[in-house]
Each structure stands twice: as structure tokens, then as C-alpha cells.
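Computed over heavy atoms, backbone and side chain alike; hydrogens, waters and symmetry mates excluded.
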Amino acid sequence: QDISRMRVKPRGGAIGPGSSGIGVTSAPISSQVWNYPDGAETDGVHTPGTVVVDGGWDYVKLLFQIERDPHYMEVHVIAPCMMFSVVSYIQFWIDSAAVPARAFLAIFQVWNMLRLTQQVSESVPQTAQSMWLDNFVTFSMLLCNCAAAHFGLVQYCRIRESHREVQRAGLRNSKATVNKLTDTARRHGLAFLSLMQKFVPQERMLTQAELDEKERLARAEEAMADALDQADEEELDTGTGAKTPKEGLPEKDEEEVGLEVPLEPLPEWPLPASAVLVETPPQLGAGGVAQAGSQVAQQTVTEVPAAVSNAAATSGISLEVQLAARGDADDQMPDQGGLDHKPDEQSGSKNGVVVRMRSIEAKEEGILEADLGFILYLVDIFNRFSHGDDEIEASELRKLLRYFNIYMSTDQVTSVSCMYLRDTGQFTTVDEKHIRMRFTQVAGLLADIDSYIMRRKRDSRTFIAYFQGIPPSLVCDVVMRGLFPLVLFLQLFGFFLNKKINAP
């Protein structure tokens, strides 16, 4: 297409592609937000025009360049972002037990970043083009959210550590039981773990007759306890100032009253065979005549307390129930009142049920299941790391101690173990690295562990030893104390590097 007849050029410029002539001119101009080319504040803006040919036609471009002054954003956006990140970093140096302080530092900074992000989005053009300011604010928001997530992780670790501390305290309280079991095992020449199997509850079959007898004794004992309690309450009520029936009678009638009325026998309650009934002389009623104890026979078993109180107040018959020590019965029946009388389908028996009861060895030695709870937990952990052996190494012992909230390096565990063995009259080899400990020794060490770690210092010779000797919650804090500042420095470095590369 021939364009020689009509050409476009800047004013005072040359025909054809290139920059020439006058493009944009202006009066002197200045701004606190935008930066103009040098000399714009005194001489104004002066740029040449640029001619390009596209599709056979001349096009003139009038270009001028300005940029936003970053000082405002650096002061009101970049600096607050850095300050919020630094405040979030402070929480890593606060004790993890100070939950309110750490929660405030972690969550409040996220809220501040949300407000700042909203302000920035309102002050910059809403475009899909990537801007370094948006990227910087977004990355700062990500750092503050990571700090808040770290707070949650630390609290989770502390919850687990508190549960392990409970196990440690329980085992410390079971020190007497550990020593008693150790002496028993030594006296009988048995391994500690083998002895523990003799103290666990044993299973046996109880017939229906044994179950009925056990429940009958339990009901009778409960009924008599209620009766005695009610009798005590009525005795207290009588002692408040009311006159007894005998005090209200004339003196001349005292010789004619009382023993002439025959006493009817008390009803046969479902009492144990060893119960003892004691009859005392009758007391005088309100009308001066002793009342027979036949009223008691009309009461049901469920009304035993009322029957006893009526008999004591009217007929003067007092009942003393003395439950003999049923040592033989306890050996044959479990020490629990309510049993399910339904036959055990799995056992296939129609005449009884399979129950768990204390072993004979536990009764003879006076060992309760409450005393064995924490020790059985230790047995389970010991078997987990011993891999079926009767001994464990120092590295395995270190892992076992973590279940009781005790954190030491492998070298420290070796040193403490050897100290304990020598204190208990045993010897250790010169090369202590290959020491192995039996379950009895591990249980004794855990019972006295506070005496050996009270003045222990953290092993900081290597990073591995240092992290082995601190709890998981502190491990998280130590890692973030070093990682967070590094990431913050890389963020600033990338910001200034990007600013320099994109400078006009």
C-alpha cells in the first residue's frame, strides 16, 4: 500500500521510523506520590515523539515515564510487616507454659496482617498483574500464620508431655512396690517379669450357687449398714432433749413393767451364717407397757432400717450383726458385689460365669492392682524396646525414658545408668558404652531418677545430643528460633534485590 502521499510525524520531527521532534511537553510539575524525570519540577516534562510503521501506516507514539515513590509504602507497609514478623518471632523465646502470652503474640499478629493487607489492597490498582508489594505483604502474612500454627504444635507437644509426666509421677509413687517386688523376686529366685505374671488377675469359673451366696451376703451387709446408720440418726434425735419412755412413768409403776411380756423371735433375715443376734431387756413404751417385737417380723428385707429402729425404740430389742472375716469365702469369690448372672456364652457353661479375681500370690504378698498399674505400663514399654530380650542398651533406654518425660542424650543415659548400678552395689565395665540393663534395674533407676538428673546439664557437644536432651516442645522452639530469622532475612534481601532490578 502506497503511503507516500500521507505521512505522520511528530511536530518538528523527521519522516520515517525513529524518535524525533516534540512528543510530550508540560509545565513544571511535582508530586509527593509520583517521581517524574529529572528537571520536571523546574522545566517540566519534555519527551520526543516516536514513529513506527505497522501494516503500511505510520504511527506516532507519545511516551513519558513516571514511577510511584516507594517511601510511603516502605514506611506504612514494609516496616509494619517487618515489625509484626519480629513480634511473632518473640514468642519462640517465651516459656511454652505461658500459654496466654504466647497465644496473644501468635494470633494478634495475624489479625494485624489482615488489616494491613486490606489497606494495601484499597490503595493499589486492582489488577491481575503481579506486584512486588502484594507479594511482600502476602509472604509476611504467611510467616505470621506459620508462627500461629507453631503455637498450636507446641501446645500439642506439651499435652503429650503432661501425660507422660503423670506416668512418671505414678511410677515414682510406686517406688515402695517396686522395691517390694524386687525383694520378692530375689527371695523366690524368679525373674521380675516372671513374678509379675503371678500377680496379674486370674480367671476362674464361679458356679451359680457361689454367685447367689456372694450377692446375698452383699445385700445383707448393705442392709445392716443402712440399719445401723438410721439407728444412729434416731439416737441423735432422741438426745436433743426429749424424755425417754421410762422417765415419763411414775416411780410406783416401774416394778410392774417390762419383763413380764414375752418376746417374740426376730425374723430370719438373709444374714450370713456368722451373724450374731443379741437380745437385751425390753424398754418401756410411751404408755408404760412393753411392746412385743412381732412388729419387726412383718417388715420386708428392704425395710430393715425401719425394722431395726422400731425394735430398738419400742420393744427394746437391739440387733448386733457381726460379720466374721470371710477369708475362706474371699479366696473362692471375687471382691465385687454386682455380678452378671447370665452364663458366659463363650465359655459354653450354663452353671456359672468366668470372672477375673486376685491371684493367691497377690493376696499373700499384699499386692493390689492399683500398685501394679504403672509397673505394668513400664513392662509394656520395656518389651517394646527390648525386642523380646531381658536387657536393653543405652540407646533403647533413652527412648524408653521419653515415655516418662525424661530427656537425655545417649551418653548421659549411659553415665546415669552406670552411676545407679554402682550405687546399688553392682559393677560396670571400663567401656561404659556397651552397658545393658535388666528390667529390675530399669524400674529401680526410674524410681530414683530424680536423684541423678537434678544437676544434669544439657549435652551441647553435638546437635544430635543437644536435641536428644530436650523435650519436643522445646525442640520446636529451638528450630524456629534459628529458621524464622533466616527466612525473614531472605524476604528483605529479595525485596531490595527486586527493587534494584526493576528500577528504571
Side-chain angles (χ1 to χ4, degrees), residues 73-123 133-170 172 399 401-409 450 453-454 456-460 463-464 466-495:
M73 292 299 177
E74 290 175 354
V75 173
H76 295 88
V77 178
I78 304 300
C81 286
M82 299 302 301
M83 292 174 59
F84 296 151
S85 299
V86 171
V87 173
S88 296
Y89 173 71
I90 295 177
Q91 67 164 313
F92 305 137
W93 295 91
I94 298 178
D95 187 4
S96 57
V99 178
R102 296 195 61 155
F104 173 79
L105 293 176
I107 300 175
F108 189 69
Q109 308 314 315
V110 176
W111 181 72
N112 287 334
M113 286 302 306
L114 287 173
R115 293 182 56 193
L116 184 61
T117 302
Q118 183 179 4
Q119 294 177 1
V120 172
S121 62
E122 294 176 353
S123 61
L133 186 62
D134 283 341
N135 296 336
F136 188 89
V137 174
T138 302
F139 194 81
S140 298
M141 169 70 77
L142 180 62
L143 286 180
C144 292
N145 279 273
C146 289
H150 171 270
F151 166 75
L153 178 62
V154 169
Q155 295 309 310
Y156 169 76
C157 293
R158 283 191 54 83
I159 292 175
R160 295 194 60 184
E161 292 167 10
S162 63
H163 292 168
R164 293 177 176 180
E165 185 63 29
V166 172
Q167 301 293 345
R168 176 183 176 183
R172 187 189 303 115
K399 298 176 183 178
L401 293 177
R402 296 177 68 89
Y403 282 83
F404 297 91
N405 205 36
I406 302 172
Y407 305 94
M408 293 186 290
S409 65
D450 293 335
I453 65 175
M454 185 175 298
R456 176 182 55 86
K457 296 182 179 180
R458 292 173 182 169
D459 191 351
S460 58
F463 283 105
I464 296 178
Y466 177 78
F467 284 111
Q468 287 178 349
I470 59 178
S473 59
L474 186 55
V475 170
C476 297
D477 282 343
V478 171
V479 171
M480 291 301 290
R481 289 172 188 174
L483 183 61
F484 198 90
L486 178 62
V487 176
L488 201 60
F489 172 77
L490 293 177
Q491 180 188 13
L492 283 176
F493 179 78
F495 163 69

Run the numbers on Val478 and Phe467 for side chain to side chain contact (heavy atoms under 4.5 Å, CB included), then give the verdict.
CA-CA 9 Å; Val478 171; Phe467 284 111; 3.8 Å; yes
Val110 vs Phe84, side chain to side chain contact (heavy atoms under 4.5 Å, CB included): CA-CA, chis, key distance, verdict:
CA-CA 8 Å; Val110 176; Phe84 296 151; over 6 Å; no
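Listed by first and then second residue, the side chain to side chain donor-acceptor pair (under 3.5 Å) pairs involving residues 73-84 are Glu74-Lys499 (not counting sequence neighbours). Applying the side chain to side chain donor-acceptor pair (under 3.5 Å) test to residues at least two apart or on different chains, the pairs with a partner in residues 476-485 are Arg102-Asp477, His150-Asp477. Within the structure, salt bridge (charged side-chain N to carboxylate O under 4.0 Å, His left out) pairs that include any residue of residues 138-157 do not occur (at least two apart or interchain). Evaluation of the salt bridge (charged side-chain N to carboxylate O under 4.0 Å, His left out) test over residues 75-95, restricted to residues two or more places apart or in two chains, returns none. Sequence neighbours left out, not one pair with a member in residues 148-158 passes salt bridge (charged side-chain N to carboxylate O under 4.0 Å, His left out).
Around CG of Leu483, the count of heavy atoms belonging to other residues, nucleotides or ligands within 6.0 Å exceeds 12.
Tyr403 is linked by a ring-ring contact (aromatic ring centres under 6.0 Å, His included) to Phe385, counting only residues two or more places apart in sequence or in another chain. Residues passing the salt bridge (charged side-chain N to carboxylate O under 4.0 Å, His left out) test with Arg168, sequence neighbours excluded: Glu165, Asp450. When the side chain to side chain donor-acceptor pair (under 3.5 Å) test is applied to Thr117, no partner is found at least two apart in sequence or on another chain. For Gln167, the side chain to side chain donor-acceptor pair (under 3.5 Å) criterion is met by no residue, not counting sequence neighbours. Considering only residues two or more places apart in sequence or on other chains, Asn135 meets the side chain to side chain donor-acceptor pair (under 3.5 Å) condition with Ser130. When the side chain to side chain donor-acceptor pair (under 3.5 Å) test is applied to Arg164, no partner is found at least two apart in sequence or on another chain.
When all heavy atoms are compared, the tightest approach of Ala98 to Ile94 is CB-CG2, 4.0 Å. The two residues Ser88 and Ala147 make their nearest non-hydrogen contact at CB-CB, 3.9 Å.
Put simply, the side chain of Val137 reaches to within 4.5 Å of the side chain of Cys81, judged on heavy atoms.
Taking the six-membered ring where the residue is Trp, Tyr89 and Phe92 present perpendicular rings, their angle passing 60° and hence far from 30°.
Evaluated for a side-chain hydrogen bond (donor to acceptor under 3.5 Å, both in side chains) with Ser473, the options Gln155, Glu161, Arg160 yield exactly one hit, Glu161.
When atom types are taken as modelled, the side chain of Gln109 and the backbone of Val87 share no donor-acceptor pair closer than 3.5 angstrom.
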Show which side-chain atoms of residues 487-494 pair as donor or acceptor with protein atoms under 3.5 Å away, not counting sequence neighbours.
from: Gln491; atom 1: NE2; to: Phe136; atom 2: O; distance (Å): 3.3
from: Gln491; atom 1: NE2; to: Ser140; atom 2: OG; distance (Å): 2.8

